[in-house]
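Lettering follows sequence order; numbering is per chain, from 1.
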Amino acid sequence: MIEYRGYNVIEKNDRVIVENVRDFEPVHIFECGQCFRWLKQDDGSYTGVALGKVVNVSYDNGTLQIINATVNDFINTWFGYFDLGRDYSVIKQQLAKDNIMKKAIEFGHGIRILKQDIWETLISFIISANNRIPMIMKVVASISEMYGEEIIFDSKKYYAFPAVDKLAGSSVEKLKVCKGGFRCKYIAETSVLVRDKAVDLNALSGMSADDARKELAKLPGVGNKVADCVLLYSGTKYDVFPTDVWVKRVMEELYFKREATFKEIQDFARKYFGELSGFAQQYLFYYARENKIGLK
DNA sequence: TTGCAGGGGTCAA
DNA sequence: TTGACCCCTGCA
């Protein structure tokens, strides 16, 4: 056993066991709308492909288990991916300043914002436009299977999300096999722009959230909402408040008590939640969607 | 069984 | 500011 950043980490056969993990609930993390490649297994654990690896993740009473990982994998990959260096209890305490947020936080108490690969996040959220989650998952899986590297886990085949060059070298016609519909054109064009560094994804973290959003919006298929999602779910910026129809509905019903414009909601969030806007958005979105808040 | 509306938005007119 | 857009699912 070793100690790493306050966690006890044990490697056992094909897995790592991490003790002293708080504010971690797989259902909340994987089903709060930030990721599309984690599938719930019969035993309640989740198996997913991320950062070129396949692992199975489960959690019980402070103990996190990651199957198909070593201690080195934990330190170099999963510690960061699961944002384990951040104390979510502090964030929750700061955000729980009204009854609405208290309820939302209680409901999604185990949410953590994953630090996902920004390229994969970009393409995934271009696909999300005017689309449903099961469909988005199918398209991302299909693109990975067609263009990504095969990975074997538990004698099953999985596929890593493809590198930029792979998609940039594809034709729109071939991409359409993945059922992305009208978004395939955006994917093809965006891939070329990213490959040629017309937009440098690595430079975004050094910009303000506003500038980073504007930079991303240069890409076809990327508007404000998709840009905010990309920035938040890649762990690049946390002071953004992705406002989709669900967030709009929950904000209108619970805070505004009337219809509100996107701009009003964005301005309100920036003032009210400040640097923690992104975290607030996740708790609110998950709460709204799971409880169908604002649906007539 | 067939038909139709609409979805975690973006783009173009 | 408004409608079209691929494809799929849910519901008449």
Which atoms of nucleotides 8-12 of chain C (N or O only) lie under 3.5 Å from a protein N or O atom, and what are those distances?
unit_1: C/dT9; atom_1: OP1; unit_2: A/K138; atom_2: NZ; d: 3.1

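- Atom P of C/dA4 sits at a distance of 16 Å from the matching atom of B/dC4, rounded to the whole Å.
- Within the 4.0 angstrom heavy-atom criterion, base atoms lie near A/I133.
- The existence of a salt bridge linking A/E253 and A/R249 is excluded, since no basic side-chain nitrogen approaches an acidic carboxylate oxygen closer than 4.0 Å.
- Side-chain atoms of A/W246 do not come within 3.5 Å of backbone N or O of A/L284 as any donor-acceptor pair.
- To the nearest angstrom, P of B/dT10 lies 7 Å from NZ of A/K225.
- Applying the 5.5 angstrom centroid cut-off and the 30 degree plane-angle cut-off, the aromatic ring of A/W246 is not stacked upon the base of B/dG8.
- Judged by the 6.0 Å and 45° rule, A/R86 forms a cation-pi pair with A/Y238.
- Ion pairing between A/D228 and A/K225 fails under the 4.0 Å rule for side-chain N and carboxylate O.
- Of the possible polar contacts, one joining the A/T243 side chain to the A/F241 backbone as a donor-acceptor pair under 3.5 Å is found.
- Evaluated for a side-chain contact (heavy atoms from CB on, under 4.5 Å) with A/L216, the options A/I118, A/T236, A/L231, A/V226 yield exactly one hit, A/L231.
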Distances under 3.5 Å only, N/O to N/O: pair up the protein atoms with those of nucleotides 2-4 of chain C.
none

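- Distance A/E189 CD to B/dT10 P: 15 Å, rounded to the nearest Å.
- As rounded to whole Å, 14 Å separates atom C1' of C/dC6 from atom CD1 of A/I136.
- In this structure, A/I151 belongs to a hydrophobic cluster whose other members, linked by side-chain heavy atoms under 4.5 Å apart, are A/V49, A/V54, A/I67, A/F153, A/Y158.
- Cation-pi geometry between A/K97 and A/Y272 is met: the NZ or CZ atom falls under 6.0 Å from the ring centre, inside 45° of the normal.
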Below 3.5 Å, can you tabulate the donor-acceptor pairs from side chains in residues 164-178 of chain A to any protein atom, sequence neighbours excluded?
unit_1: A/S170; atom_1: OG; unit_2: A/Y147; atom_2: OH; d: 2.6
unit_1: A/S171; atom_1: OG; unit_2: A/K174; atom_2: N; d: 3.1

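- Atoms CG (A/N130) and C1' (C/dC6) sit 9 Å apart, rounded to a whole Å.
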Detail all sub-3.5 Å separations between protein N/O atoms and N/O atoms belonging to nucleotides 11-13 of chain B.
unit_1: B/dC11; atom_1: OP1; unit_2: A/G221; atom_2: N; d: 2.8

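- When the P atom is compared between C/dC6 and B/dT2, the two are found 25 Å apart, to the nearest whole Å.
- Separating the C1' atom of C/dG3 from that of B/dA5 is a span of 15 Å, rounded to the nearest Å.
- Within the 4.0 angstrom heavy-atom criterion, no nucleotide atom of any strand lies near A/R289.
- A/F262 places its CZ atom 7 Å from the P atom of B/dG9, with the value rounded to the nearest Å.
- The only option from A/V57, A/V21, A/V18 that meets the side-chain contact (heavy atoms from CB on, under 4.5 Å) definition with A/F82 turns out to be A/V57.
- Residue-level contact check: A/F125 touches neither bases nor backbone, having no heavy atom under 4.0 Å from any strand.
- If you measure from atom CD1 of A/I187 to atom P of C/dC6, you get 13 Å, rounded to the nearest angstrom.
- The CH2 atom of A/W119 lies 3.5 Å from the OG atom of A/S191; values are rounded to the nearest 0.5 Å.
- Distance, A/F285 CZ to B/dG7 C1': 12 Å, rounded to whole Å.
- Here A/D267 does not pair with A/K271 in a salt bridge; the nearest charged N to carboxylate O distance is not below 4.0 Å.
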Report summary line: Taking Watson-Crick and G-U wobble contacts under 3.5 angstrom, with | marking pairs to another strand and [ ] crossing pairs, the secondary structure of DNA chain C is written |||||.||||||

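- A gap of 15 Å separates the P atoms of C/dC11 and B/dG8, to the nearest Å.
- Looking at heavy-atom distances under 4.0 Å, A/Y233 makes contact with a base.
- Remark: A/R289 does not engage A/D244 in a salt bridge, criterion side-chain N to carboxylate O under 4.0 Å.
- Rounded to a whole Å, the CE atom of A/M137 is 17 Å from the C1' atom of C/dC7.
- Between A/F74 and A/Y7, the ring planes are perpendicular. Angles over 60° get that label, and only those under 30° would be called parallel.
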Query - Candidate pair A/Y233 and A/Q282, rule side-chain hydrogen bond (donor to acceptor under 3.5 Å, both in side chains), full reasoning - result: CA-CA 10 Å; A/Y233 304 139; A/Q282 274 305 275; 2.7 Å; yes

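- Spacing between C/dC8 and B/dT10 at atom P, rounded to whole Å, works out to 22 Å.
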